[in-house]
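Input: a single structure, listed below in structure tokens.
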Amino acid sequence: MHSILIVDEVGFRPLSREEANLFFRLVSWRYERGSMIVTSNKHMRSWPEVFAGDEVLTTAILNRLLHHVHVIQISGRSYRLRERGDLLRPPAAD
């Protein structure tokens with residue numbers, strides 16, 4: 001039995017080619033061995049820019065991630081910032 005592997009914030013910053021290749025190796029190794037939860041604020045169409053601009057590598061990663069997948073899309077305001085809305089609003093005009 002495998003534990004769930006959680007990869008949070010894919011796309012927070014672009015990966016170098018070496019990092020993108022390592023991520024592909026991780027996903028390939030994990031594929032059909034155990035569950036993964038992957039979070040991202042980027043649409044999957046934007047993932048090539050995250051993975052060193054490599055569309056072939058990105059397609060290979062998505063091919064493995066999207067097989068047997070349940071995609072949950074969350075829209076709306078940030079849960080983490082729900083109590084800090086006052087800090088994000090522009091100052092009131094005098």
Side-chain angles (χ1 to χ4, degrees):
M1 183 172 129
H2 290 278
S3 300
I4 294 175
L5 173 63
I6 301 172
V7 182
D8 191 25
E9 297 287 351
V10 169
F12 178 71
R13 67 170 184 82
L15 301 178
S16 69
R17 180 159 303 279
E18 181 180 0
E19 292 167 330
N21 282 317
L22 287 172
F23 187 75
F24 169 75
R25 289 177 58 193
L26 171 69
V27 170
S28 292
W29 181 85
R30 190 71 180 184
Y31 177 63
E32 294 196 341
R33 283 193 174 109
S35 297
M36 289 181 69
I37 295 174
V38 179
T39 70
S40 179
N41 65 347
K42 302 265 185 199
H43 193 282
M44 286 179 239
R45 279 183 246 131
S46 302
W47 278 26
E49 66 191 45
V50 173
F51 294 106
D54 190 328
E55 290 189 25
V56 173
L57 180 64
T58 303
T59 299
I61 290 169
L62 288 173
N63 186 6
R64 286 153 181 82
L65 287 177
L66 295 176
H67 189 222
H68 308 300
V69 73
H70 296 279
V71 176
I72 300 170
Q73 184 173 341
I74 301 172
S75 300
R77 298 180 57 158
S78 169
Y79 178 78
R80 293 180 186 131
L81 298 176
R82 71 187 182 283
E83 296 173 1
R84 295 288 159 212
D86 57 324
L87 296 174
L88 300 174
R89 281 188 217 108
D94 292 330

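Since the structure is predicted, the reported quantities are computational estimates derived from the model, not experimental observations.
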For the residue pair Ile61 and Val27, what are the closest heavy atoms and their distance? O-CG1, 4.1 Å
Looking only at heavy atoms, what is the nearest atom pair of Val10 and Ser40, with distance? O-OG, 2.6 Å
Who pairs with Glu32 by side-chain contact (heavy atoms from CB on, under 4.5 Å), at least two apart in sequence or on another chain?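 His67, His68.
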Who else is in Ile72's hydrophobic cluster (ILVMFWY, side-chain heavy atoms under 4.5 Å, direct or via others)? Ile74
Going by side-chain heavy atoms closer than 4.5 Å, which hydrophobic residues are tied to Phe12, directly or by a chain of links?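 Direct or chained contacts put Phe12 with none.
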If the condition is salt bridge (Lys or Arg N to Asp or Glu O under 4.0 Å), which residues does Glu49 pass it with, not counting sequence neighbours?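 With neighbours one apart ignored, the set is Lys42.
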Can you tell me how far apart OG (Ser28) and CG (Asn63) are? Round to the nearest 0.5 Å.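 Rounded to the nearest 0.5 Å, the OG-CG separation comes out at 9.5 Å.
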I'd like to know if the side chain of Arg30 and the backbone of Ser35 have a donor-acceptor N/O pair within less than 3.5 Å.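 Between the backbone of Ser35 and the side chain of Arg30 there is a qualifying donor-acceptor contact (under 3.5 Å).
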May I ask you to decide if Trp29's main-chain N or O and Arg33's side chain share a donor-acceptor pair within less than 3.5 Å? yes
Applying ring pair (Phe, Tyr, Trp, His ring centres under 6.0 Å), name anything that partners Phe24, two or more places apart in sequence or on another chain.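 Partners of Phe24 under the ring pair (Phe, Tyr, Trp, His ring centres under 6.0 Å) test: none.
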Hey, quick one: are [X] and [Y] part of the same hydrophobic cluster, counting side-chain heavy atoms closer than 4.5 Å, chains of contacts allowed?
X: Leu5; Y: Leu15; answer: yes
X: Val38; Y: Ile4; answer: no
X: Leu26; Y: Leu65; answer: yes

Could I get the full list of side chain to side chain donor-acceptor pair (under 3.5 Å) partners for Thr39, not counting sequence neighbours?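 In terms of side chain to side chain donor-acceptor pair (under 3.5 Å), with neighbours along the sequence ignored, Thr39 is linked to Asp8.
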Partners passing side chain to side chain donor-acceptor pair (under 3.5 Å) against His70 (at least two apart in sequence or in another chain):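 In terms of side chain to side chain donor-acceptor pair (under 3.5 Å), with neighbours along the sequence ignored, His70 is linked to no residue.
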Evaluate the side-chain proximity of Phe23 to Val7: yes if any heavy-atom separation is below 4.5 Å, no if none is.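 They are in contact (side-chain heavy atoms under 4.5 Å apart), so the answer is yes.
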Measuring only between side-chain heavy atoms, which start at C-beta, is Thr58 closer than 4.5 Å to Pro48?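 A side-chain contact under 4.5 Å exists here.
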Within a 6.0 Å radius of atom CE on Met44, are there more than 12 heavy atoms belonging to other residues, nucleotides or ligands? no
Test side-chain contact (heavy atoms from CB on, under 4.5 Å) applied to Val56 and Thr59, step by step: CA-CA 5 Å; Val56 173; Thr59 299; 5.8 Å; no
Going by salt bridge (charged side-chain N to carboxylate O under 4.0 Å, His left out), name the pairs with one or both residues in residues 12-22, residues two or more places apart or in two chains. Arg13-Glu19, Arg17-Asp54
